[in-house]
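Numbered from 1 within each chain, the chains take letters A, B, ... in sequence-line order.
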2 protein chains.
Amino acid sequence: MEDLTARARIRNAALEQFATHGLKGTTIRGVAEAAGVSPGLVQHHFGSKQKLREVCDEHVMREIRRIKMDALDTGTGDPGYLSAVVRASVPIRRYLARTLVEGSPAAAKLFDESVEFTKEMLEAPPPGLSKPATTDLDAYAAAMTSIAFGVVALHEHLSRALGEDTLSAEGYPRLAKALMEIFTDNIMDPDLVGRNKEALDRMEGGGRA
Amino acid sequence: MEDLTARARIRNAALEQFATHGLKGTTIRGVAEAAGVSPGLVQHHFGSKQKLREVCDEHVMREIRRIKMDALDTGTGDPGYLSAVVRASVPIRRYLARTLVEGSPAAAKLFDESVEFTKEMLEAPPPGLSKPATTDLDAYAAAMTSIAFGVVALHEHLSRALGEDTLSAEGYPRLAKALMEIFTDNIMDPDLVGRNKEALDRMEGGGRA
DNA sequence: GTCTATATAATGATAGAC
DNA sequence: GTCTATCATTATATAGAC
């Protein structure tokens, strides 16, 4: 596991640094130190910090797509992107969490793809799933995607609140079961649902931000 | 609205800069320029960049708590933190989105408070709400909180996917209605739910991350 | 491929004039 | 209170030795 080329070690170190310190907070020097090489070598291999970040971006998004396609190919009944995000390695998910909020073209594309994929799945549901009762499937699919990516983006807070790492094989199932319970039990009275929808409609009309 | 003290204008400009560029990406010079003052004046009023950020943090969290208490006092049947986050001004929510992922003691405290508040609400549900059917109320409350904060954290992606700003009075109701539909319709067969839970239990046992 | 040395730019922070 | 000038630090990026 440690006999990687220097280039690969640098990229992995950069992945971790970008995930921890963000785009601006990550330095060539920091990456070099974490990878056990000189700052000059980082420049030699990747040219610039911006280029290094693009390589990391593409690697992360490609990895998530790869896992998604694997799951679809092996026919595990896997819902696709959502579980691909879940199955990705911890560094990949930590990187994704940061990048989703800092913003990057690659992360935006992945999110959009995921919304589109979810929408298609809801339009032609696989066995065990039925079509949602909504007049706004775009919003429905986007909201679902947001929930799946949101628990990754906020994993640090969730882990602290639950006392265990929700990116780990121990903590994640606990979180996923809770999410499934939220989706399956109906704790809101139909009456309350109706009133809330009316309130939202009023807001859509002439409310404030 | 524009006859604020220079100190307040600087803080508001800093709020916006931190939300847009993050902690490391924000510069004293950038804040000064946005506020229309000299960099020296920023230092004079706040001493250091770190101190400026702490002031912004505290201001944002205090504002969200204030809105929460207002909603509870006026007895609108408001669920508390969740809608407080929603009702906060756009700059406040943009700042919160960034800070939730970059991490700060103040944001962590707000999240933890929100989980605790949600848990207490679920233990003694107000009219219209019933107790959730879960054996893990902590995870249930944390997951609910994560959904509410998650749509704020990912508002940029949601807005792009939906073609309108989900932090605005037009875009938000659309998203909220979709979320309510997700909570109220049950698109998963009980059979599939059972199988998924079993799969999660197996993962909890001896799976990988 | 890998390193050291260095040029150049940007940033946080201080000092002092007005 | 507000500004300009300046310092010390740290960053990216380049050049060239090994």
What residues, two or more places apart in sequence or in another chain, satisfy side-chain contact (heavy atoms from CB on, under 4.5 Å) together with [X]?
X: B:K51; answer: B:S48, B:E54, B:V55
X: A:A8; answer: A:L4, A:T5
X: B:A97; answer: B:V152, B:H155
X: A:D70; answer: A:R66

Expected rows: protein N/O vs nucleotides 3-7 of chain C N/O, under 3.5 Å:
residue	atom	partner	partner atom	Å
C:dC3	OP2	A:S38	N	3.0
C:dC3	OP2	A:S38	OG	3.0

* In plain terms, say whether B:K177 and A:D136 are close enough for a salt bridge, that is, a side-chain N and a carboxylate O under 4.0 Å apart. => no

* Any ion pair linking B:K109 and B:E58 (charged N to carboxylate O, less than 4.0 Å)? -> no

Whole angstrom is fine here: how far is it from [atom1] in [X] over to [atom2] in [N]?
X: A:Q17; N: D:dA11; atom1: CD; atom2: P; answer: 11 Å
X: A:Q43; N: D:dA13; atom1: CD; atom2: P; answer: 5 Å
X: B:I28; N: C:dA10; atom1: CD1; atom2: C1'; answer: 13 Å
X: B:L23; N: C:dG12; atom1: CG; atom2: P; answer: 10 Å
X: A:R9; N: C:dT2; atom1: CZ; atom2: C1'; answer: 11 Å

* Structure fact -> Stems with DNA chain D, 3 or more Watson-Crick or G-U pairs in a row (under 3.5 Å), are C:1-7 with D:12-18, C:9-18 with D:1-10

* **Check: A:R160/A:H157 side-chain N/O donor and acceptor closer than 3.5 Å** => yes

* To do: Specify whether B:F111 and B:F149 have parallel, tilted or perpendicular ring planes, treating 30° as the upper limit for parallel and 60° as the lower limit for perpendicular.
  => perpendicular

* To do: Quick one: label A:T5 by what it contacts on the DNA or RNA (base, sugar-phosphate, nothing), any heavy atom closer than 4.0 Å.
  =>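 No contact.
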
* Quick one: list whatever passes salt bridge (Lys or Arg N to Asp or Glu O under 4.0 Å) with B:D185, sequence neighbours left out. =>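 Scan of B:D185 (salt bridge (Lys or Arg N to Asp or Glu O under 4.0 Å), adjacent residues dropped) gives none.
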
Might you list the N or O atoms of the protein lying below 3.5 Å from N or O atoms in nucleotides 16-18 of chain C, with each pair's distance?
none

* Asked: Which residues, if any, of residues 46-59 of chain B bring a heavy atom under 4.0 Å of DNA chain C?
  -> B:S48, B:K49

* Asked: Does A:V86 offer a backbone N or O that forms a donor-acceptor pair with the side chain of A:R93 under 3.5 Å?
  -> yes

* Could I get the full list of ring pair (Phe, Tyr, Trp, His ring centres under 6.0 Å) partners for A:F117, not counting sequence neighbours? =>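 For A:F117 the ring pair (Phe, Tyr, Trp, His ring centres under 6.0 Å) partners, ignoring immediate neighbours, are A:Y81.
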
* Partners meeting side chain to side chain donor-acceptor pair (under 3.5 Å) with A:T166 (sequence neighbours left out) -> A:S159

Return all side-chain donor-acceptor pairs below 3.5 angstrom for residues 13-24 of chain B, not counting sequence neighbours, or 'none' if the list is empty.
residue	atom	partner	partner atom	Å
B:E16	OE2	B:T20	OG1	3.0
B:E16	OE2	B:R94	NH2	2.9
B:T20	OG1	B:E16	O	2.9
B:T20	OG1	B:R94	NH2	2.9

